[in-house]
There are 2 protein chains.
Amino acid sequence: MNIGEAARRSGVSAKTIRYYESVGLIPAAGRTAAGYRAYTANEVETLRFIHRARSLGFSVGNVAGLLELWRDRSRASADVKAIALKHVADIERKIAELDTIRRTLLDLTTRCCGDDHPACPILEELAT
Amino acid sequence: MNIGEAARRSGVSAKTIRYYESVGLIPAAGRTAAGYRAYTANEVETLRFIHRARSLGFSVGNVAGLLELWRDRSRASADVKAIALKHVADIERKIAELDTIRRTLLDLTTRCCGDDHPACPILEELAT
DNA sequence: TGTTGACCTTCCCGTCACTGGAAGGTCAAC
DNA sequence: GTTGACCTTCCAGTGACGGGAAGGTCAACA
């Protein structure tokens, strides 16, 4: 099937499929006589896998690692779990950062009248 | 003072100060006879303001808006508050996204033995 | 006076994961 | 034969910088 169909079935845009090929996340697809990329159902499955992994926030690098483990029938699930737990830790760090900022901003915005006068604790805090 | 000293006092790296100048966040600094950028205490204050705003996650575009309001003595605090509340909403959306991913991953990693066997619910989920 | 070493300058490339768009070739239907 | 929906490659831009090269400047010290 053509790249457009593969995109529709996998949820990965044609542009992005070409990008994944260019960075080596997927091998170069076969070509028709006219030079069109041709995809098998199997390759679409791989694209779906990638799409799901990316939507869980895994970096393209990590997705490459997960793909390799997925294909490796003699893998240790510990290796998969390690990648996932590392990712969870990163996410939790990020959430903590955002939450600190959120609380600071909520405090400041609560103290800001938000009227037509210039006095503003938000600007005061930034200017401190 | 030179850019290095301004960087040390403001917390914004010299590289980043030049970048802010190049994108118009700050006006071009004065120059010494030798072509070195020269900063006043006032300009360092502005850089400190920018540094604090950026550390609260405001985009450079929003920082430009906050700087303008900061300098505008006839500003309405409502305009500042609006920028801050919009940012809070963005952060909360981001936290919610991350938390959904986090919960999914925690569920999967909990169900993954993480031993030397290949069976792995994480890969199974991605392959579904 | 010469020389070091710490500054500073501009410029370009790389990051991450794409997205947009231009210029042009291919295919199926009407 | 023509339309329109595909496909191709290539280049540039995104945000917010950081790295590093090549070269100029300055203050201190021998």
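Proteins get letters first, then strands, A, B, ... in listed order; numbering begins at 1 in each.
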Enumerate donor-acceptor pairs with a distance under 3.5 Å from any side-chain N or O in residues 113-123 of chain A to protein atoms, sequence neighbours excluded.
unit_1	atom_1	unit_2	atom_2	d
A:Asp115	OD1	A:His117	N	2.9
A:Asp115	OD1	B:Ser77	OG	3.1

Next item on the list: For residues B:Lys94 and B:Ile91, determine if any side-chain heavy atom of one lies less than 4.5 Å from a side-chain heavy atom of the other.
Entry: no

Checklist line | salt bridge (charged side-chain N to carboxylate O under 4.0 Å, His left out) against A:Lys15, all qualifying residues, sequence neighbours excluded | finding: none

Side-chain atoms of residues 47-57 of chain B: list all donor-acceptor pairs with protein atoms under 3.5 Å, sequence neighbours left out, distances to 0.1 Å.
unit_1	atom_1	unit_2	atom_2	d
B:Arg48	NH1	B:Arg9	O	3.0
B:Arg52	NE	A:Thr128	O	3.4
B:Arg52	NH1	A:Leu126	O	3.0
B:Arg52	NH1	A:Thr128	O	2.7
B:Arg52	NH2	A:Thr128	O	2.2
B:Arg54	NH1	B:Phe58	O	2.6
B:Ser55	OG	B:His51	O	3.4
B:Ser55	OG	B:Arg52	O	2.8

Note to self: Using the side chain to side chain donor-acceptor pair (under 3.5 Å) criterion, which residues pair with B:Thr46? Sequence neighbours excluded.
What the structure shows: none

Item checked: Selection residues 99-108 of chain A - residue pairs positive for salt bridge (Lys or Arg N to Asp or Glu O under 4.0 Å), sequence neighbours left out -> A:Asp99-A:Arg102, A:Asp99-A:Arg103, A:Arg102-B:Glu92, A:Asp107-A:Arg111

Next item on the list: For a side chain to side chain contact (heavy atoms under 4.5 Å, CB included) with A:Val88, tell me which candidate from B:Leu108, B:Ile101, B:Leu105 qualifies.
Entry: B:Leu105

Next item on the list: Under 4.0 Å from any heavy atom of chain A: name the first and the last nucleotide of DNA chain D that qualifies, 5' to 3'.
Entry: D:dC6 to D:dC10

Next item on the list: On DNA chain D, check which nucleotide each of A:Ala34 and B:Thr32 is closest to and give me the residue with the more 5' one.
Entry: A:Ala34

Next item on the list: Specify the residues of residues 47-59 of chain B, ordered by number, for which at least one heavy atom lies under 4.0 angstrom from an atom of DNA chain C.
Entry: none

Notebook entry, point to check: What residues, two or more places apart in sequence or in another chain, satisfy salt bridge (charged side-chain N to carboxylate O under 4.0 Å, His left out) together with B:Glu68?
Noted result: none

Margin query: Quick check: do B:Asp79 and B:Asp72 have side-chain heavy atoms less than 4.5 Å from each other?
Written below: no

Next item on the list: Mind running a 4.0 Å heavy-atom check of residues 6-20 of chain A against DNA chain C and sending the residues that fall below it, in number order?
Entry: A:Ser13, A:Lys15, A:Thr16, A:Tyr19, A:Tyr20

Margin query: For DNA chain C, report each stem as range with range, ordered by first number, or say none. Use Watson-Crick or G-U wobble pairs under 3.5 Å, at least 3 in a row.
Written below: C:1-30 with D:1-30

Note to self: Per the side chain to side chain donor-acceptor pair (under 3.5 Å) rule, what does the pair list look like for residues 17-28 of chain A, sequence neighbours excluded?
What the structure shows: A:Glu21-A:Arg37

Checklist line | Partners passing salt bridge (charged side-chain N to carboxylate O under 4.0 Å, His left out) against A:Arg73 (at least two apart in sequence or in another chain) | finding: none

Item checked: From A:Leu98 atom CG to B:Ile95 atom CD1, the distance as rounded to the nearest 0.5 Å -> 5.0 Å

